[in-house]
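Below, all heavy atoms of this structure are taken into account, side chains as well, without hydrogens, waters or symmetry copies. In what follows, chains carry the letters A, B, and so on, assigned in the order in which the sequence lines appear, proteins first and then strands, with residues in each chain numbered from 1.
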Number of protein chains: 4
Amino acid sequence: MSGSTYGNIFKVTTWGESHGRALGVVIDGCPAGIALKEKDIQKEMDRRKPGSTKYGTQRREGDNVEILSGVFEGRTTGTPISLILYNQDQRSRDYSNIQNIFRPGHADMGFEMKYGIRDYRGGGRSSGRETAARVAAGAVAKKLLKELGVKINAYTLSIGDVRAENINLECCKENPLYMPDNEAAKRASELLDKAMAERDSVGGVIECRTKGLPIGIGEPVFDKLDACIAKAVTSIGAVKGIEFGDGFKAALSKGSVNNDDFYIRSGRIKKHTNHSGGVLGGFSDGAELVFRAAFKPTPSIAKVQKTITNTGESTEIVITGRHDPIVVPRAVVVVEAMTAITLADLMLMNMAARIDKIKEFYS
Amino acid sequence: MSGSTYGNIFKVTTWGESHGRALGVVIDGCPAGIALKEKDIQKEMDRRKPGSTKYGTQRREGDNVEILSGVFEGRTTGTPISLILYNQDQRSRDYSNIQNIFRPGHADMGFEMKYGIRDYRGGGRSSGRETAARVAAGAVAKKLLKELGVKINAYTLSIGDVRAENINLECCKENPLYMPDNEAAKRASELLDKAMAERDSVGGVIECRTKGLPIGIGEPVFDKLDACIAKAVTSIGAVKGIEFGDGFKAALSKGSVNNDDFYIRSGRIKKHTNHSGGVLGGFSDGAELVFRAAFKPTPSIAKVQKTITNTGESTEIVITGRHDPIVVPRAVVVVEAMTAITLADLMLMNMAARIDKIKEFYS
Amino acid sequence: MSGSTYGNIFKVTTWGESHGRALGVVIDGCPAGIALKEKDIQKEMDRRKPGSTKYGTQRREGDNVEILSGVFEGRTTGTPISLILYNQDQRSRDYSNIQNIFRPGHADMGFEMKYGIRDYRGGGRSSGRETAARVAAGAVAKKLLKELGVKINAYTLSIGDVRAENINLECCKENPLYMPDNEAAKRASELLDKAMAERDSVGGVIECRTKGLPIGIGEPVFDKLDACIAKAVTSIGAVKGIEFGDGFKAALSKGSVNNDDFYIRSGRIKKHTNHSGGVLGGFSDGAELVFRAAFKPTPSIAKVQKTITNTGESTEIVITGRHDPIVVPRAVVVVEAMTAITLADLMLMNMAARIDKIKEFYS
Amino acid sequence: MSGSTYGNIFKVTTWGESHGRALGVVIDGCPAGIALKEKDIQKEMDRRKPGSTKYGTQRREGDNVEILSGVFEGRTTGTPISLILYNQDQRSRDYSNIQNIFRPGHADMGFEMKYGIRDYRGGGRSSGRETAARVAAGAVAKKLLKELGVKINAYTLSIGDVRAENINLECCKENPLYMPDNEAAKRASELLDKAMAERDSVGGVIECRTKGLPIGIGEPVFDKLDACIAKAVTSIGAVKGIEFGDGFKAALSKGSVNNDDFYIRSGRIKKHTNHSGGVLGGFSDGAELVFRAAFKPTPSIAKVQKTITNTGESTEIVITGRHDPIVVPRAVVVVEAMTAITLADLMLMNMAARIDKIKEFYS
């Protein structure tokens, strides 16, 4: 349980360091018979590809995903799907500035203290690059969910204090920040330019909305829908908080306002409001699943910072190279991926809930 | 994986319905040799006991915990510790007002849609009473953590818009709201009196602080310290959000501010600030672990609400009986319990991190 | 993962020591809607009850099972089913003869060396009494399997060198040894009488046959049907070996003999022979699932044995009290239970195998 | 939980089809700081390499293992170790003879019935080639165990009715059958020549002996040492039975003979005999861990066999190409691998057993 495997039935295991030979993911438990091509996955990889805008790192990773197993004649076979991404930009570099130094805001210190050894090249396993494997697995989970009518959309809700006000998902494709509000995106760009000029970075918030979940997804008590999503999303580096529906504002509300009334339309259970964010008592409640994740500012900044070496000496560090002044736009697809993986797993789990449906399945 | 088991090594399985014969918990994987008495657990149970203040339900549960196994001559033996709480207040009642009706803001609808059957008596498995078993397990986890020098303190940070400003943990014992600020507690009491008069309820925020964690607790990638805590705490009913350190405010910050600089004092790694809340890259970073959880207002209110029956008819409901107008004060010990269980598990897991220490262990 | 929890979806957690207050089991993940009464479980408990024959221990355990949760109005609700058995024969005894002594052939030594503490009363957690909880869980698993048309029958195949030759399952109820051959049972009884007279014990073999499994149960590679059964059955105390189909005799066979030819009858896949024992490549193959487990002789014997104390002194021990001269007859229902629990879990797991069926399930 | 992941702390996930691009394994939870080179693993791979003797398939796989992650500057880092083996002998072939036909004794039928699709090329995921990934992972587990003083040796105990009588482990390297008795190996070779001439195959038995295990490895009840080994070894294709110590012969023994007496030598607990095979009550008992696994004859034979097509027609099949007439010699290293993986996991798990040692660890 050292943490690189996630899920119970739809089970994902990622591996790989930022500047190692390759990184990848093994998806075990994906149902057989799903049409799957490399380009289905590549399409998602491209959404987190760096270097596409001036706010992304200039590294050209390529991120060309290859399917090594588990797919035969264009369909999943039920056996593990192994996906690999070779690190193309793996030239020898000078790491002397970080080799023996703990960067503030990074996992360097934790890795070295816990394991006594650390692959310092590009952050090793703690690099944001690790999320590429999650996105690849998420692409497969999305293919599964699509078959079941479930659709996930995440987007940049805010960057610094600039917040999207008029949500229009179409806009996400029109600006490099995946913001559903082009006017806000423009202001956010100005904010980012300013931060870059100051050798600084900013944080932001991603919102995620899922449509099409049947009622009852999530398992009571510890594996509640929101609990599982909370873990999945908080496990993304830089996430410092998550909230569902009204979230922290619910703490300021009253029961008479916060409760969503039920009604029936066309024989289906509906709610007049969605303060709950689509999750009630740990189960999906039929409304849109809505949550927001807060991301801290990129810790890699070009300003001088005080820190220590791994032998306990005081020192200063200036992180060179180009780094994203904001992680949020590239993390949008990562949030979707972790959501997709979690929902795929919970939907498969849910099949064992009641004997009448199990009997029907086996008859 | 239907969700009532939590943890990998220190593994907790809870069971029981609100108005069934009993509820309880089995703790498997608790190390042998820990001194454990029923009163160690009872002390914690009493902290969540209802009826102790006018803001708690008037039900007299008793909540007398019994140890049924796993302890011999006052010490844990390494075998499963089974704890049971009999439901003393289990008299036959009239449930006709909720038997066929889905209460807004409750899990009733989800349970019935998922399983096709629902123990409607007092909310069954989705009752807040389920957390009694968590508190019992948490008491055992705390005993383990105490041996390792780890101490957890949670408290009511805010109720509605009343927030504790001058945190003094001693105050928590002096007011019935577990607020670390007596003056704020007084104003919060007035707020609650008003809400009760209006047959309404309010939400609040719990803050939790853990001291004494060694550096490096948490497993990289999916089982990060914050990810595991996020799941554990979000799995408590009524929690709608969680944030670590600066949390959602970090999204408004800059890298140059948000990064905590390292320095060395008396040979130990320290940070000048703690914006991270004690978790960096998914590992404990040696600073205090700090997080906040947002609780929605109690969904059970005595106001008339519109809803539906389980056969899809429109109806109205008034929830009778006495219900807490706020869940937060009683949930403080539940937040501590889930934190304790998670940390106990992660500290045991961490022992397998490096071969030099493993060799030393076995030599 | 300290070992008292078993299964992935249909998940069983047992607890309790032989001479503690009680023992029990929590079954999480049992589908909702299964009719379940205490007497359904009691019926199975009675099959392993000691004291019913002269070959069983004279202890009167009673073994009256109580359902504490998870069942409402006669049906499972999908929430954890907690079953408890109070230890009625729990009077204070003199354990001085085993308190500080490691009985040969027992787990005493392992428990004390591993945990540094041992509940020596009646063997504590390592007592055969622990299997009562397995039988209770197995009774629930059988109810589930019955709904799906799966039927398990185990029986005593041999005791010492006396082997049932003409298998007639009806005979199992007619002799106290659960042997499917009354004539063999008679000879086995004589063998047991002789062993008892000599203050000795004997071993034996249990055979288990399961009908009605659909093709394809079991998960490839590590969670193969036979691998899972092998673990489940070997985890029963006293089991020293397990074999499927021809088992160890297959090692003496030839491919041309051992391969079972396929043919079609009434549109269903059949095999002319069943050397495989119903499991091929880790999947059920549509034929009867057949395996045998070897049980060692009861280690508790009234003969003088050399051993050591827990402080490392040489000593002798004579195990007093009445002990079964053979564990096999009482273990028959335990073997069935572990088989049932394993098959229930694998049948629920199998539902996630292919997308066409999953789509159908959710449509 | 579709079965390609094994272990709790030392966790192994294998992937890959026989004739796909590659196959591999991800090892998560391997402690940091272990010296590891590709040649450490390659050495083990070479032991199962086909084509080295006339009894192995003539396919030249190469089996050159590459380390893709988790190792830095020659040492493990605690992050997932990804190992890959490219399939070099992957030329296009004619599979028309097996594409639509279920080979008797193979998993073809199960795969197609369970998943509705099957990668028929070379047996796909059910090929013996899948064990290459296990051997690679086993090599890493052995490196860990070596640090802890644990040494595993498996060998061919018997082929058909030819059994090694005078066990001399040195002989294993001197004959192509890994038999610890050269004279028996000669007779076994003659048996195999005869079987090949008859287009038939034979079975055999592998024995495995582990030295150096401390007392107390294994977790009570379900995760007993022998139960875990039983699962691990039975999950190897072609295994039809496993027994520990005296195994099935224990069923014919008496308690007075089967019990191993304890004594003390040089302050350590010893046993006069080892009927138990080194496992008592599910824990290692300090003696050599001894078990035997029965392998069925290779199902791929060149004789005409009756079978069916995947559309239910009767047909005949002759399996062409060269196939091993016996799987046992190549499976020796696979048995060692599964044993090593299981013991590595259980030894890490065991560290959480008692609070005194945990406190010492953290102090």
Side-chain angles (χ1 to χ4, degrees), chain B residues 1 7-11 26 28-36 69-70 75-80 140-141 143-150 212-223 281-283 343-363, chain D residues 1 7-11 26 28-36 69-70 75-80 140-141 143-150 212-223 281-283 343-363:
Chain B
M1 266 307 169
N8 292 299
I9 298 183
F10 190 91
K11 190 177 282 195
V26 183
D28 194 21
C30 182
I34 301 173
L36 185 68
S69 69
R75 297 202 167 261
T76 58
T77 60
T79 63
V140 178
K143 292 285 287 185
L144 165 55
L145 292 174
K146 195 180 177 186
E147 300 267 358
L148 304 178
V150 177
L213 271 186
I215 291 172
I217 302 305
E219 302 294 316
V221 184
F222 298 120
D223 291 341
F283 302 116
L343 295 178
D345 197 35
L346 288 174
M347 285 193 77
L348 296 178
M349 205 98 80
N350 177 61
M351 296 176 73
R354 43 196 291 188
I355 192 66
D356 52 355
K357 295 207 170 186
I358 298 167
K359 282 179 77 166
E360 203 181 305
F361 181 94
Y362 274 113
S363 68
Chain D
M1 269 305 169
N8 292 300
I9 298 183
F10 190 90
K11 190 176 282 196
V26 183
D28 194 22
C30 182
I34 302 174
L36 186 67
S69 69
R75 296 203 167 262
T76 58
T77 61
T79 63
V140 178
K143 293 284 288 184
L144 165 56
L145 292 174
K146 196 181 177 185
E147 301 267 359
L148 305 178
V150 177
L213 271 185
I215 290 172
I217 303 304
E219 301 295 316
V221 184
F222 298 119
D223 291 340
F283 302 116
L343 294 178
D345 197 34
L346 288 175
M347 285 193 76
L348 296 179
M349 206 99 80
N350 178 60
M351 296 176 72
R354 44 196 289 188
I355 193 66
D356 52 356
K357 295 206 169 186
I358 298 167
K359 282 179 77 166
E360 203 182 305
F361 182 95
Y362 274 112
S363 68

Distance, nearest 0.5 Å, that separates CE of D:Met351 from NZ of B:Lys357: 9.5 Å
Distance (rounded to the nearest 0.5 Å) between B:Thr79 OG1 and D:Glu219 CD: 12.0 Å
- line: Distance col, row D:Met349:CE vs B:Leu348:CG, nearest 0.5 angstrom, shows 12.0 Å
- line: Assert top hit (heavy-atom pairs under 4.5 Å, partner chain B, pool D:Gly33, D:Ser363, D:Ala352) equals D:Ala352
query: Can you tell me if D:Tyr362 uses its side chain to pair, donor with acceptor, with the backbone of B:Pro214 under 3.5 Å?
result: no
Interface moiety of B:Ile358 toward chain D, non-hydrogen atoms closer than 4.5 Å: both
task: Evaluate the side-chain proximity of D:Ile9 to B:Ile9: yes if any heavy-atom separation is below 4.5 Å, no if none is.
output: yes
- request: Could you tell me which of B:Leu148, B:Thr77, B:Val221, B:Asp356 has the largest number of non-hydrogen atom pairs under 4.5 Å with chain D?
  value: B:Leu148
- request: Search all heavy atoms of B:Pro31 against all heavy atoms of D:Ile355 and return the closest pair with its distance.
  value: CB-N, 3.9 Å
- prompt: Between D:Ala353 and chain B, which part of the residue has a heavy atom less than 4.5 Å away: side chain, backbone, both or neither?
  reply: backbone
- request: Heavy-atom distances under 4.5 Å only: say whether D:Ile34 touches chain B with side chain, backbone, both or neither.
  value: both
